[in-house]
2 protein chains.
Amino acid sequence: MAGTLSFPRPLTTVDVVIFSASATALEVLLVRRPEGTDDPFPDTWALPGGFIDTAHDNDLEACALRKLKEKTGVRAPYVEQLGSWGSASRDPRGWSATHAYFSLISADDRAFAEEHPGSQPARWFQVEGARVKERLAFDHAEILKAAVNRLRNKVEYTSLPAFLMPSEFTLSELQRVHEVLLDRTLEKKAFRTRILASNLLEELPRKKEGANRPAQLYRLKNKKAPIYFARAIVKGGGS
Amino acid sequence: MAGTLSFPRPLTTVDVVIFSASATALEVLLVRRPEGTDDPFPDTWALPGGFIDTAHDNDLEACALRKLKEKTGVRAPYVEQLGSWGSASRDPRGWSATHAYFSLISADDRAFAEEHPGSQPARWFQVEGARVKERLAFDHAEILKAAVNRLRNKVEYTSLPAFLMPSEFTLSELQRVHEVLLDRTLEKKAFRTRILASNLLEELPRKKEGANRPAQLYRLKNKKAPIYFARAIVKGGGS
DNA sequence: CTAACTTAGTGACACACTACCACTATGTGA
DNA sequence: TCACATAGTGGTAGTGTGTCACTAAGTTAG
């Protein structure tokens, strides 16, 4: 193992899959790669990310959080590592590896990204199945698919969807987000019992007024740590 | 984003946390780093791994499987990605990142590693708590801790421990491995009902003779894909 | 003012899997 | 043949989820 420093080093990047939820769909934030440069995939949508700045990023997570802050303005959202993808063929410039992160953004913070374009224009895209309609740069479609699958999976036994909600929300709204993510209806009573028994939420002293019976408002007790349920959601609801 | 190729590239490695189970403990395979070289952490135990061979490794997983094969002789064990660790400080040679994998080796294949030293001597070390007694190179103690925690967690709702068993085993043996991983006793009937109802095992037409009543032998129906239980193990057993 | 409508929220019981514990089964060795 | 050890089971309690019909509380149309 002498001369280890002489090993060729792969190109290394960090990419972030940033999710949010509209009223009817899961959405992912994508950026437009510039045209007229020598970089691959010009004028193509891609996951936010880029090279590690070895001079300023102390570690991978700091790098991911920096990119998240730049794109969404959010300082401390829910973030977890998704995995890494590396191969000789994923980047035309040579052997490359990316460290992919996975983030959930509150509905309150959805506007920022499209209003503050920064160096690259950004847009929310609806996720349909486990993909978006647009063609993505590199292997980002595969990374997105892994992120969506991971999220869908965790919906069944964690409280992750709660991190997509605005700061105050009703149980019905939370249920709707679950249903969008799982792509199936859930039974109201079972859902409410499960959530309320989990100690995830704090009841607020006010209700959301609407076209019908006002609904109790809640907020998250803990904005960063999810709850893990001992039992997964198994069955759906009617209608 | 012009001139992206000029970004300094971090040192990039792949490390593999290889677990097996003895009769009484979870064990991890470590290799001894050579002394008398310029490489950091000479004469120190470390996770098996090393630099990506960009000329021969097509992707990260292939690189991990190559290292696994070299160390354990096993071609297709259970492998999953654990995560990646990267920072300016984890390697004295500069900014470095490692892609960590996580593997479970059948008790049948434990002997190979210590009998075929290859370029570096290898040894199984007992895992106590989430660590080994020896000091490890780099941030490998942290990676090991993450791997142990992931494994412990998954024991509660997957069939992962089954991949640590020899090709034929009894339910009591499987339960003992669960108990070692969870560090608590389990209730026999509950455990057996859960496992048998899961369709994980295939009954063999023979029994294991021992000092007492012979026990039914089983083998895995699927050597690669784990089972995910809808409910986690919650409570323990007596004694 | 009242009825129809819509969404919020609950009561009561069925169901499935796990937990518990005492019991039986089948071998060895003194 | 009896003590002992481990394998394996029967029966029932416990706990969270699933089901569904019901009540609650607002709006809107007449």
Side-chain angles (χ1 to χ4, degrees), chain A residues 23-24 155-159 161 165 168-180 182 184-201 203-218 227-239, chain B residues 23-24 155-159 161 165 168-180 182 184-201 203-218 227-239:
Chain A
T24 56
V155 171
E156 307 220 337
Y157 63 95
T158 73
S159 66
M165 305 305 292
E168 301 187 359
F169 54 90
T170 69
L171 280 179
S172 295
E173 289 166 348
L174 181 60
Q175 181 177 342
R176 248 166 264 137
V177 169
H178 276 78
E179 290 173 344
V180 162
L182 290 172
R184 67 170 194 257
T185 59
L186 297 177
E187 211 286 322
K188 183 169 49 166
K189 183 64 189 302
F191 179 80
R192 301 171 75 91
T193 306
R194 175 179 165 101
I195 297 293
L196 290 176
S198 75
N199 205 32
L200 172 69
L201 304 180
E203 196 172 301
L204 292 170
R206 54 185 169 280
K207 291 175 186 279
K208 174 164 188 167
E209 316 280 341
N212 294 297
R213 175 176 174 176
Q216 179 63 51
L217 280 166
Y218 296 86
I227 290 209
Y228 289 83
F229 295 93
R231 292 175 60 170
I233 302 176
V234 176
K235 292 197 187 172
S239 98
Chain B
T24 57
V155 171
E156 307 222 338
Y157 63 95
T158 73
S159 66
M165 306 304 293
E168 301 188 359
F169 53 91
T170 70
L171 280 179
S172 295
E173 288 165 349
L174 181 59
Q175 181 176 344
R176 248 166 264 139
V177 170
H178 276 79
E179 290 173 342
V180 162
L182 290 173
R184 68 170 194 256
T185 59
L186 297 176
E187 209 286 322
K188 183 169 50 167
K189 182 64 187 301
F191 178 81
R192 300 171 76 92
T193 306
R194 176 181 166 98
I195 297 293
L196 290 177
S198 74
N199 204 32
L200 171 71
L201 304 180
E203 195 172 312
L204 292 170
R206 53 186 170 281
K207 292 175 184 279
K208 175 163 187 165
E209 317 280 340
N212 295 298
R213 176 176 172 175
Q216 179 63 49
L217 279 166
Y218 296 86
I227 290 208
Y228 289 82
F229 295 93
R231 295 174 59 168
I233 302 176
V234 176
K235 293 195 186 170
S239 96

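Just so it is clear: chains get the letters A, B, ... in the order the sequence lines come, proteins before strands, and each one is counted from 1.
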Please report the distance, rounded to the nearest Å, between [atom1] in [X] and [atom2] in [N].
X	N	atom1	atom2	result
Leu196(A)	dG9(C)	CG	C1'	10 Å
Phe229(B)	dA19(C)	CZ	P	12 Å
Glu187(B)	dA7(D)	CD	C1'	13 Å
Arg231(B)	dG14(D)	CZ	P	15 Å
Ile195(A)	dG9(C)	CD1	P	14 Å
Arg194(B)	dT18(C)	CZ	P	5 Å
His178(B)	dA19(C)	NE2	P	12 Å
Leu182(B)	dA19(C)	CG	P	11 Å

Start with the C-alpha distance between Phe191(B) and Leu174(B), add both sets of side-chain angles, then the distance that settles side chain to side chain contact (heavy atoms under 4.5 Å, CB included), and finish with yes or no.
CA-CA 10 Å; Phe191(B) 178 81; Leu174(B) 181 59; 3.9 Å; yes
Determine whether a donor-acceptor pair (N or O, by modelled atom type, separation under 3.5 Å) exists between the side chain of Glu203(B) and the backbone of Leu217(B).
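The answer is no, because no donor-acceptor pair under 3.5 Å joins these two groups.
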Of Gly210(A) and Ala197(A), whose closest DNA chain D nucleotide lies nearer the 5' terminus?
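Nearer the 5' end of the strand: Ala197(A).
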Take Pro214(A) and Lys189(A), find for each the nucleotide of DNA chain C with the closest heavy atom, and name the residue whose nucleotide sits nearer the 5' end.
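Closest to the 5' end, via its nearest nucleotide, is Pro214(A).
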Assuming nearest nucleotide by heavy-atom distance, tell me which of Lys188(A) and Phe191(B) is located more 5' along DNA chain C.
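Upstream on the strand: Lys188(A).
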Is there a side-chain contact between Arg176(A) and the phosphate of dA8(C), meaning an N or O under 4.0 Å from OP1 or OP2?
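Checking dA8(C) against Arg176(A), a side-chain N or O does come within under 4.0 Å of OP1 or OP2.
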With a 4.0 Å cutoff (strictly under), does any side-chain N or O of Ser172(A) reach OP1 or OP2 of dT7(C)?
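No, because none of the side-chain N or O atoms of Ser172(A) sits under 4.0 Å from OP1 or OP2 of dT7(C).
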Under a 4.5 Å cut-off applied to non-hydrogen side-chain atoms, are Phe169(B) and Leu201(B) in contact?
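Touching, per the 4.5 Å side-chain cut-off.
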What I'd like to find out is whether the side chain of Arg192(B) reaches to under 4.5 Å of the side chain of Ser172(B), using heavy atoms alone.
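Counting from C-beta outward, Arg192(B) and Ser172(B) do come under 4.5 Å.
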Anything under 3.5 Å between a protein N or O and an N or O of nucleotides 1-5 of chain D, put it in a table, one pair a line.
unit_1 : atom_1 : unit_2    : atom_2 : d
dA5(D) : N3     : Asn212(B) : OD1    : 3.3

Can you say whether the rings of Tyr228(B) and Tyr157(B) are parallel (under 30°), tilted (30 to 60°) or perpendicular (over 60°)?
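Tilted.
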What nucleic acid atoms does Glu209(A) come within less than 4.0 Å of, heavy atoms only: base, sugar-phosphate, or nothing?
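No contact.
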May I ask you to say what Ala190(A) touches in the nucleic acid, namely base, sugar-phosphate or nothing, with a heavy-atom cut-off under 4.0 Å?
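The residue Ala190(A) makes base contact.
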Heavy atoms from C-beta onward define the side chain here; which of dA19(C), dG8(D), dG9(C) lies closest to that of Arg192(B)?
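Selected nucleotide (nearest to the side chain): dG8(D).
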Salt bridge check: are Glu168(A) and Arg206(A) linked by an N-O gap of less than 4.0 Å?
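A salt bridge links Glu168(A) with Arg206(A).
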Val234(A) versus Arg184(A), closest heavy-atom pair with distance:
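Heavy atoms of Val234(A) and Arg184(A) come nearest at O-NH2, 3.7 Å.
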